[in-house]
There are 2 protein chains.
Amino acid sequence: MSAAHGTEERILDAATELFSERGYAATTTRAIADAAGVNEVTLFRRFESKAGVLRALGARLAERQAGRAAQAAPDSESVRETLLRLARMEIEGAIEGGGLAIRLAFEARSVPEVGELLGEGIPSNLEGLAEYLAEHQRTGELRADVDPRVMAEAFFGLTSSYVMYRMVMGAADVPADIDSDEGIEQLFDLFWSGAASREER
Amino acid sequence: MSAAHGTEERILDAATELFSERGYAATTTRAIADAAGVNEVTLFRRFESKAGVLRALGARLAERQAGRAAQAAPDSESVRETLLRLARMEIEGAIEGGGLAIRLAFEARSVPEVGELLGEGIPSNLEGLAEYLAEHQRTGELRADVDPRVMAEAFFGLTSSYVMYRMVMGAADVPADIDSDEGIEQLFDLFWSGAASREER
DNA sequence: AGCAGGGGCAAGTAAGTACTTGCTTGACAT
DNA sequence: ATGTCAAGCAAGTACTTACTTGCCCCTGCT
């Protein structure tokens with residue numbers, strides 16, 4: 001069982017890498033099997049189908065994301081701290097999956113099984129954040145002259161573009177210093193300086 | 001000749017829409033032909049191959065982009081004006097292509113012909129903007145405590161995410177008011193408030 | 001009238017790809 | 001020793017997809 005578990009993990013790891021590099025549709029089951037050092041037939045025996053691999057992958061990602069979220073949510077912190085933490089979580093999660101989620105998002109509408117997996121994830125995230133922001137616009141912590149949805153979009157734009165550029169051009173082309181914790185902090189600070197009310201910043 | 005020209009245009013229009021919706025690899029030549037109201041064979045007669053359609057599309061886009069760029073570059077304007085104009089150009093161009101460029105960027109590494117078409121475009125854009133920003137950090141118009149490359153990344157992140165969300169979730173889910181000129185302005189303002197030096201904003 | 005060129009239609013080829021089947025091997029447990 | 005389970009290997013099926021070929025029709029020019 002532990003051996004079987006091991007090969008499943010290896011297959012999922014390989015799939016993660018290939019899906020995030022080439023996308024779901026462009027990745028062949030043979031390529032996944034080869035990258036995992038496993039026979040293609042084994043892939044089908046473990047996970048029924050290519051879509052099965054995707055589902056298992058989704059489950060594993062959700063689990064890890066939940067793990068990250070669980071060790072958070074102390075509610076006695078400032079808006080700035082909350083948003084920064086959210087940004088970190090977003091970026092960490094995205095980086096860990098090698099940009100998998102973002103990459104798959106682009107296939108959600110053309111590949112049915114990908115759409116199913118992602119479901120309502122992204123829109124609801126955006127709506128949720130917009131609500132949170134609107135609330136703190138009312139309390140005066142955030143500037144009120146910008147539509148909260150625009151603000152939410154800008155926030156996700158920053159975090160996702162952080163990952164996006166690393167995917168679109170090879171990671172090699174990205175200056176090393178941006179790739180650090182400080183890079184995230186600077187990026188967030190840019191957003192924060194723009195979004196906070198004058199008194200807060 | 002004008003008839004032939006017309007069908008070519010229709011094919012390119014259809015390809016633009018489909019490529020930006022589903023990506024290059026996932027779009028079949030038959031789908032393009034159907035969408036253009038044309039026989040699949042005609043597509044191959046006009047443009048040699050699927051890659052040929054892509055090349056023609058690239059040429060047409062470059063032409064239009066050049067057109068937009070040409071009617072610009074008055075150098076006696078402020079940094080803010082320059083950047084806002086750039087943001088508008090970016091977004092307009094991206095929207096006009098239905099997000100084509102961004103979508104294709106994700107396929108650049110897995111589909112050779114797409115990679116060829118896009119070439120060095122994106123990295124050089126980023127570098128160029130970073131240089132411009134660094135220059136104006138020195139003159140004190142932009143805050144100096146943020147890496148110019150991070151700033152450039154944030155800028156492109158904003159503009160591209162504007163388009164991205166409209167692609168990832170159906171355009172229908174996007175609140176209409178964000179989709180206006182004012183949305184762009186707000187988004188840019190968010191960036192500007194974060195990036196400008198204290199005296200400038 | 002004649003002819004050239006753009007385009008439709010039917011059919012076919014070659015390659016790739018998800019997925020299947022049947023058989024073998026090796027490790028481990030009883 | 002015998003059975004079980006994971007995994008490899010070879011081969012094949014069914015389907016999709018880029019691209020081809022051959023033939024026809026129509027329009028417009030001379």
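The sequence lines fix the lettering, A, B, ..., with proteins before strands; numbering per chain opens at 1.
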query = For Phe44(A) and Val41(B), take the nucleotide of DNA chain C holding the closest heavy atom to each; which residue's nucleotide lies nearer the 5' end?
reply = Val41(B)

inquiry  = I want to confirm an ordering. Mapping Glu48(A) and Ala26(A) to their closest nucleotides on DNA chain C, which one lands closer to the 5' end?
reply    = Ala26(A)

Euclidean distance, atom [atom1] of residue [X] to atom [atom2] of [N] [Å, nearest integer]:
X        : N       : atom1 : atom2 : value
Lys50(A) : dG16(C) : NZ    : P     : 16 Å
Arg46(B) : dC19(D) : CZ    : P     : 17 Å
Arg30(B) : dG12(C) : CZ    : C1'   : 12 Å
Glu9(B)  : dG6(C)  : CD    : P     : 16 Å
Asn39(B) : dC26(D) : CG    : C1'   : 15 Å
Leu18(B) : dT17(D) : CG    : C1'   : 15 Å
Phe47(B) : dC19(D) : CZ    : C1'   : 16 Å
Leu43(A) : dC9(D)  : CG    : C1'   : 16 Å

query = Within the side chain of Arg10(A), is there an N or O that forms a donor-acceptor pair under 3.5 Å with the backbone of Ala36(A)?
reply = yes

task = Measure from the side-chain N and O atoms of Gln137(B) to the backbone N and O of Leu142(B), and report whether any donor-acceptor pair falls under 3.5 Å.
result = no

Proximal nucleotide (of [options]) relative to the [X] side chain:
X        : options                  : answer
Ser49(B) : dA7(D), dA10(D), dC19(D) : dC19(D)
Glu40(B) : dG8(C), dC19(D), dT21(D) : dC19(D)
Thr42(B) : dG7(C), dC19(D), dA7(D)  : dG7(C)
Val38(B) : dT17(D), dG8(C), dA7(D)  : dG8(C)

Flag if over 12 foreign heavy atoms under 6.0 Å of CD, Glu17(B) = no

cation_pi(Lys50(A), Tyr24(A)) dist<6.0 Å, angle<=45 = yes

query = Looking at dG8(D), does its base get a donor-acceptor pair with the side chain of Arg45(A) below 3.5 Å?
reply = yes

ask   = Where does the angle between the aromatic ring planes of His136(B) and Tyr132(B) fall among parallel (under 30°), tilted (30 to 60°) and perpendicular (over 60°)?
value = tilted

query = With a 4.0 Å cut-off on heavy atoms, is Gly52(A) in touch with a base, just the backbone sugar-phosphate, or nothing at all?
reply = nothing

task = Respond yes when some side-chain nitrogen or oxygen of Thr29(A) is under 4.0 Å from OP1 or OP2 of dT17(C), and no when none is.
result = no

